[in-house]
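All chains are named by letter (A, B, ...) in the order of the sequence lines, taking the proteins before the strands, and each is independently numbered beginning at 1.
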Amino acid sequence: AAITIATVNNGDMIRMQGLTSEFNAAHPDIEVNWVTLEENILRERVTTDIATGGGQYDILTIGNYEVPIWGKQGWLLPLEFSADYDVDDMLPAIRGGLTVDDKLYGAPFYGESAFLMYRTDLLEKAGLTMPDDPTWEFVGDAARKMTDRSAGINGICLRGKAGWGENMALVASMANSFGASWFDETWTPQFDQPEWKETLQFYADLMKDAGPQGASSNGFNENLTLFQQGKCGMWIDATSAGSFVSDPKQSTVADKVAFAIYPHKDGVDNHGNWLWSWNLAIPTSSKNADAAKTFIEWATDKAYTEMVAGKEGWVNVPPGTRTSLYENQNYLDAAPFAAKAKEAMDAADITKPSVKPVPYTGGQFVAIPEFQSIGTTVGQLVAAVIAGQSSVDDALAQAQSTTEREMRRAGYGR
Amino acid sequence: MATRQTASIARLMRLPAIVVLFIWMIVPLAMTVYFSFRYYNLLNPAAGGWAGFENYQYFLTDPAFWQAIRNTLAIVLGVLAISVVGGIGVALLIDQPIFGQGLVRILVISPFFVMPPVAALVWKNMILHPGYGVAADIAKFFGLQPVDWFASYPLFSIILIVAWQWLPFAALILLTSLQSLDGEQKEAAEMDGASAFSRFRYLTLPHMSRAITIVILIETIFLLGVYAEILVTTNGGPGYASTNLPFLIYRAALLNQDVGGAAAGGVVAVIIANIVAIFLMRAVGKNLD
Amino acid sequence: MGTIQLRDVHKAFGATNIIPKLNLDIEDGEFVVFVGPSGCGKSTLLRLIAGLEDMTSGTISIDGRDVTNEAPAKRKLAMVFQSYALYPHMTVAKNIAFPLKMAGESQAEIDKKVANAARILNLSNYLERKPGQLSGGQRQRVAIGRAIVRQPSAFLFDEPLSNLDAALRGTMRLEISELHQSLGKTMIYVTHDQVEAMTMADKIVVLNAGNIEQVGSPLDLYRSPKNLFVAGFIGSPKMNFVEGKAAEAMGAKTIGVRPEHMKITVTNGAWRGVVGVAEHLGSDTFLHVHTDDHGTINVRADGEIRVSHGDVVFLTPEPAKIHRFDANGKAL
Amino acid sequence: MGTIQLRDVHKAFGATNIIPKLNLDIEDGEFVVFVGPSGCGKSTLLRLIAGLEDMTSGTISIDGRDVTNEAPAKRKLAMVFQSYALYPHMTVAKNIAFPLKMAGESQAEIDKKVANAARILNLSNYLERKPGQLSGGQRQRVAIGRAIVRQPSAFLFDEPLSNLDAALRGTMRLEISELHQSLGKTMIYVTHDQVEAMTMADKIVVLNAGNIEQVGSPLDLYRSPKNLFVAGFIGSPKMNFVEGKAAEAMGAKTIGVRPEHMKITVTNGAWRGVVGVAEHLGSDTFLHVHTDDHGTINVRADGEIRVSHGDVVFLTPEPAKIHRFDANGKAL
Amino acid sequence: MARAVKTSTRVSYTIAAWVVALLIFFPILYTIITSLKTEGEAIAGFNLIPSFSLESYREVQNQQNYIKPFTNSVVLAVGSTVLGLLIGIPAAWAMAFSPTKRTKDVLMWMLSTKMMPAAAVLVPIYLIFLRLGIMDSRIGMTVLLMLINLPIIVWMLYTYFREIPGEILEAARMDGANLWGEIWHVLTPMAVPGIASTLLLNIILAWNESFWTIRLTTTNAAPLTAFIASFSSPQGLFWAKLSAASVMAIAPILIMGWFSQKQLVRGLTFGAVK
Ligand SMILES: Nc1ncnc2c1ncn2[C@@H]1O[C@H](COP(=O)(O)OP(=O)(O)OP(=O)(O)O)[C@@H](O)[C@H]1O
Ligand SMILES: Nc1ncnc2c1ncn2[C@@H]1O[C@H](COP(=O)(O)OP(=O)(O)OP(=O)(O)O)[C@@H](O)[C@H]1O
Ligand SMILES: [Mg+2]
Ligand SMILES: [Mg+2]
């Protein structure tokens, strides 16, 4: 049988592609075709295909945002694995996000949360020490103190590029940690609430005072490079960045990096609930579901992790999916950030994104189909604020009205 | 020429092209029109049924709608202006006796061969990037603050990229037009005492009008549909600053997966494009004969 | 007001000498026609005078002023191009007005002059048309109109009638002649057409491979060609040349007789021959007679002559009209 | 083998009648020339015969066979277009071979016929050239070559020489005439050139606004034009028409005298006048004489005549050569 | 124009032209240069002299097989263009040589089929492709690209054919050619420059079409546009790699364009400009 796998062009996925021959050695009867696309195009492509019953793909690489939605739609096959696979080893937060009505719809290949990365030397220079549980107030203060633009050092680098998976991942989780929420229990957008204003104002001011030039077009990649080149004092982003910033081959500041848990606002018990995983799932339209399941088992079980470790070293194994990994001393030795990453992942609870009562699950996203569009639109409005083309109040007012409009359109009021 | 026999054969010869294009037009169009009156969201298959004009209403009242129209026109007009004026200048220049003419021409027309997403990627990452782009390096060299082009001047940046792609096309066609200008006409004008500028103004420019018209027509059709450059660079933002009509529809169709809304947008876009085309034919169509 | 002098004018394109070295004087008000075979340098010469072409060496002066290094626009010449070179996107009126506009004249002045030129050239009804909507003859007149509005010191015409059909050519010929008479301006006219050259010129310059073979009035050239080349080139149908005994008898290497200077009889005469093709024009008949001793001889006979293909006839050249040439082709 | 009959041929473009209703018989082997002013329908008629244009009504038969509804390719006619319409991408040989190839003849046969046609037309040295590399006359011959290889039942020529210069035109005229003699095929030839019409035709058809004004041999038309139109159209320079007393004296509304049928004297004669323009061709002199009573009269005089602008002269028409027309323009 | 151009004038024109040409070409040039850098060099700031490392190309080839999308690009671009010409030439012939009152309208209508934004008809087309079973097939993509470009093909050929004197076609008719003979032996060879430039232009347009080629293919028919889409925003700033991939995607068409520049210009002269 031949299976077609749609995947994104991330390092871990590319590595998986590279190991196809290993899979073939074990399963010579299954031919594997790869379709690698950029994340947004992939999502869009796959959505069209599934929704129209196209059957072009046998395995999809999708996020924990889509899995529950699509699972509920009946677009994905529930996954049941053999005992060897040890489903219970999965990190509970991750597993919870992939489960609908007690059925698992996606096998996590790789997972991440977010944390705070900072430069020990700069922090020291600023005369501060990182608390165990940093607040935004502290972060803001530290960032401003670390900033030295003449030396090319920005106190903090944060995502600014518009997109629901780009700047909104940060802003939404930040809003969570400020006590804001996207919707109240009647699905009414909450941008007119003070928490949002506070979040955005804080974010905008911080970027203005301590952020890099052109922050509104920076995403993960740009900030990573900035940080690696020593141009950022702090950076709050996905835990997967940990391996890159502490890899001396890539990073000029590898030995001066430390990690802390995602900040929260003083008095609000919420660390943003950023949780992301890339998962492999099988669409119901697949004609080779059995072969697909074989592949998924191969790619996401413990043996795969060990194979990658054997070939590429422990640092390069896909993280964030299994508890056992974080109990593996080899891994903990190779990955100094692992403990903090695990802590971050455990701190994220996507069933309770906000301290307020909300009708949705999620974290840095809201797990409803409309979020892609709403998130992107709001992301644009936020980016306009960072680019200095719009005020916080205007942006929030517009966000409120377009979100109301979208929600009405989607029938939430009906 | 005009015998009944040839006329009937001609009808037969035209037929395949007309039939396939008609099918190609009518089937998707009919489906689009049909969808535009229905609730149809891929992500929400449960909600179906007739929507009446709601999709249209929704699309037309989009807060980005008017801005998108303005941006669409700005892109079309901006790129046309740059590529036509620049194209005339470049064509005039490379028509002169210069050393290495062949190579210069090759270099000048090259951007036309670059696929739009690649062009956008190159410009975004390597040229205009505020951190690592060449433009930033130049700014730094002069001790200036690098400009974040896509944030500060999003529409201009997109116009710049698209114009970069289409200017070579214009220059190419205008160059060939220049070369077909009768040498004796130029000499006659010279004998008549016309200065170099007058010769350009009264002779060269009118001579090129047909070529310019063709450039305008073909480019307009393509420019009305620009979206890849926007998708790759600004994603329509910041805010709606660089959202044009095709991108708005793109957003509806591929981000919202709102087939009904996108269909309504498509119908609106077709209507607007036709208005532009009719207006254009009125304005410049007579140059074609 | 319109004298033109060429002194040692030499023109080469790359390595090929097109005009080896040429001297020519043109008087004010003269109508000078350049004739010569295709490629002999007629157009080149005209373009040198106009300043559209650089000279390799030599000088050109107009009205005594050395213009060798002056731009075309400064020479105060008007040129009518072989292809007319009208501005296709301008109306007739705009075409004619163009030189005036370039000279910065006032609109009122321009209108007056254009109207006047149009009147002279019978173009008043066509002023609003574009060149594409005109017949060949009308276009020709527009080109002339563009030239005359400017009151140049001289006109240059490069085969201006070559694109026209015979009928129109006749009319236009007359119009240009009349124009010359009424304006009294120097005109230099290039043509390959016999009739044009003969009927229009005050002075014909016969060129051959960039050299002047002869300069003179049309009848001069017709009656006393200086050499074989001019003799053969001027006159239509072409002069018959005979070598051998008949020529030697007259003390020449070659003798030439024009077809119209040949008597044709059926009984007796100098040269015996058989009629080949007979072309009946009504007014005249052109006979191609295959003579026994002198090859085919063309004869122009009366339109009423009654000979036809295959008839035996005798030809007698008029003695006074026989041209004699030496071994170098020079007239004796 | 080549008779062509037009019966009640009527052609309208939209609402305008180009050819009202026309009957014409062409015999096998005849050389028929269509003449007439520009736009009179000559080309249209030719194209109707060729089948390139639909008739509005009427029938055309070739060799007695009704071909009204037959495609051009089936009519076995060959046509030489005004613009030659050579295939620019094919060599001369391929151009000539094209009709044979279309007829599916064998390569050996084709080669033989092409070689033969090339020999007749003196094109053997140019067979491998493309049309762009040929002179106008050579192109002309290729166009003819393409027509003759096929042994068509008749040839159609649409102003084939109008693009050539005068010299070449003379040569080509002869070649076509000789071709007609050697092939003996019917030829229909459209021209606006007097000399061509007169010298080549067995029969001239004078058209005017789609109507046949007169059909006859060249000399017929020259000597006995049926009406004013034909009288004015045939002959060059044009016949002089005189109305008023002089005409009435001869019992006509108008009388016509050709320029060559006019005696010119300085002392005494029928009509007195002053010489206007005198065009000296060498062989002839064309005088434009402004007469006292009859307007400007053109006269063809001897090349040696010694009159010039402003001289008073007397003109006497040759009595036998005077044409008389009634009030409707009909010849009397 | 036969007056000598002063060398100084010529030199200043030359300088101006080269400056403009290099400015226009610079983004491509810089991409090529970047593709020969190491990743470190690529983001290290402006530098025109790379270390000529082929590492990026190797990496690109390792990550994504280049040959298959390249072949697909060639097949789709050439196939759709040839198919388009097969349908377009007769249509353009008919419109140019046997025009009716509505010919201009028909031409305009054809162009108007290009006005529908692709995103709006994605789902309809997707459904049609599924229904016909031609999803991710070369045939389907070839036909689709042909349909997209057909209006441009007809348009260009039409303007080009109009420059060919109708008398030549009539001559062929008189010479006994049937319709096929007329089009195949006479019109087509004469129109070669125009057809060639139409062909080139459409190969370029088909090669660069990047909406449908990405959305309607997966593996079998995916061309270079899909290839480049898999590099467009990776994790990390792999600009040397992105440049290498970009160069690989545009090089074939760029080289083809360079070689056929003369042909392209010649055809366009006839086709587009009187
Ligand atoms: N730019 C040029 N480069 C090289 N040779 C040239 C150029 N222009 C003209 N010639 C050559 O110069 C010669 C004279 O050309 P010119 O145009 O003056 O001839 P012409 O007498 O006007 O001929 P025609 O009667 O055919 O117009 C020709 O042999 C021609 O080939
Ligand atoms: N397709 C057409 N539609 C309308 N009128 C036409 C068409 N073709 C020709 N005519 C008209 O028919 C008349 C006869 O045209 P035709 O070409 O036969 O003239 P002609 O005698 O050949 O003239 P010429 O000597 O100028 O070639 C002209 O008045 C012309 O305008
Ligand atoms: Mg010349
Ligand atoms: Mg005609």
Side chain, backbone, both or neither of E/W207 within contact of chain B (heavy atoms, under 4.5 Å): both
Does the plane of the ring in E/W212 sit parallel, tilted or perpendicular to the ring in B/W24? Use 30° and 60° as the thresholds. perpendicular
Counting only non-hydrogen atoms closer than 4.5 Å, does E/T34 touch chain B with its backbone (N, CA, C, O), its side chain (CB onward), both, or neither? side chain
Please report the closest heavy-atom contact between B/F99 and E/W18, naming both atoms and the distance. O-NE1, 3.0 Å
If one checks every heavy atom of B/V108 against chain E at 4.5 Å, the contacting part turns out to be both
Check whether B/V259 gets within reach of chain E through its side chain, its backbone, both or neither, counting any heavy atom under 4.5 Å. side chain
In Å, rounded to the nearest 0.5 Å, how long is the span from CG of E/L111 to CD1 of B/I218? 7.5 Å
Is E/I89 close to chain B through its backbone or its side chain, or both, or neither, when contacts mean heavy atoms under 4.5 Å? neither
Using non-hydrogen atoms and a 4.5 Å limit, figure out which bit of E/I253 sits close to chain B: side chain, backbone, both or neither. both
Considering non-hydrogen atoms only, spot the tightest contact between E/T14 and B/P97 and give its length. OG1-O, 4.5 Å
Select one option (side chain, backbone, both, neither) describing which atoms of B/F247 are under 4.5 Å from chain E's heavy atoms. neither
Walk me through it: do B/W164 and E/L23 pass the test side-chain contact (heavy atoms from CB on, under 4.5 Å)? CA-CA 10 Å; B/W164 176 74; E/L23 267 182; over 6 Å; no
Please flag which part of E/T225 lies under 4.5 Å from any non-hydrogen atom of chain B: side chain, backbone, both or neither. both
Whatever's closer than 4.5 Å to a heavy atom in chain E on B/L15 counts as neither
Toward chain B, the part of E/L29 with a non-hydrogen atom under 4.5 Å: neither
With a 4.5 angstrom heavy-atom cut-off, could you sort out which part of E/I125 is near chain B: side chain, backbone, both or neither? side chain
Under 4.5 Å to a heavy atom of chain B? For E/V106 that would be side chain
Portion of E/L147 that has a non-hydrogen atom of chain B nearer than 4.5 angstrom: both
Could you look at E/F211 and say if it's the side chain, the backbone, both or neither that has a heavy atom under 4.5 Å from chain B? both
Checking side-chain contact (heavy atoms from CB on, under 4.5 Å) for the pair E/I24/B/L107: CA distance, chi angles, key distance, verdict? CA-CA 7 Å; E/I24 290 178; B/L107 295 185; over 6 Å; no
Could you walk me through whether B/Q165 and E/N208 pass side-chain contact (heavy atoms from CB on, under 4.5 Å), step by step? CA-CA 12 Å; B/Q165 291 176 274; E/N208 290 344; over 6 Å; no
Bottom line for B/Y227: the part with an atom under 4.5 Å from chain E's heavy atoms is side chain
Does any heavy atom of chain E fall under 4.5 Å from the side chain of B/I23, the backbone, both, or neither of them? neither
Which atoms of B/V118 come close to chain E, meaning under 4.5 Å heavy atom to heavy atom: side chain ones, backbone ones, both, or neither? side chain
Using side-chain contact (heavy atoms from CB on, under 4.5 Å), reason through E/W155 and B/L217 one step at a time and then give a plain yes or no. CA-CA 11 Å; E/W155 229 63; B/L217 277 179; 3.6 Å; yes
Heavy-atom distances under 4.5 Å only: say whether E/L205 touches chain B with side chain, backbone, both or neither. side chain
What part of E/M256 gets closer than 4.5 Å to chain B, counting heavy atoms only: side chain, backbone, both or neither? neither
Applying a strict 4.5 Å limit to non-hydrogen atoms, the region of B/L254 in contact with chain E is side chain
Greatest number of heavy atom pairs closer than 4.5 Å to chain B - which of E/V20, E/I28, E/V11, E/I228: E/I28
Bottom line for E/P117: the part with an atom under 4.5 Å from chain B's heavy atoms is side chain
Report the distance from atom CZ of B/F113 to atom CD1 of E/I204, rounding to the nearest 0.5 Å. 4.0 Å
Give, as side chain, backbone, both or neither, the part of E/I15 having an atom under 4.5 angstrom from any heavy atom of chain B. neither
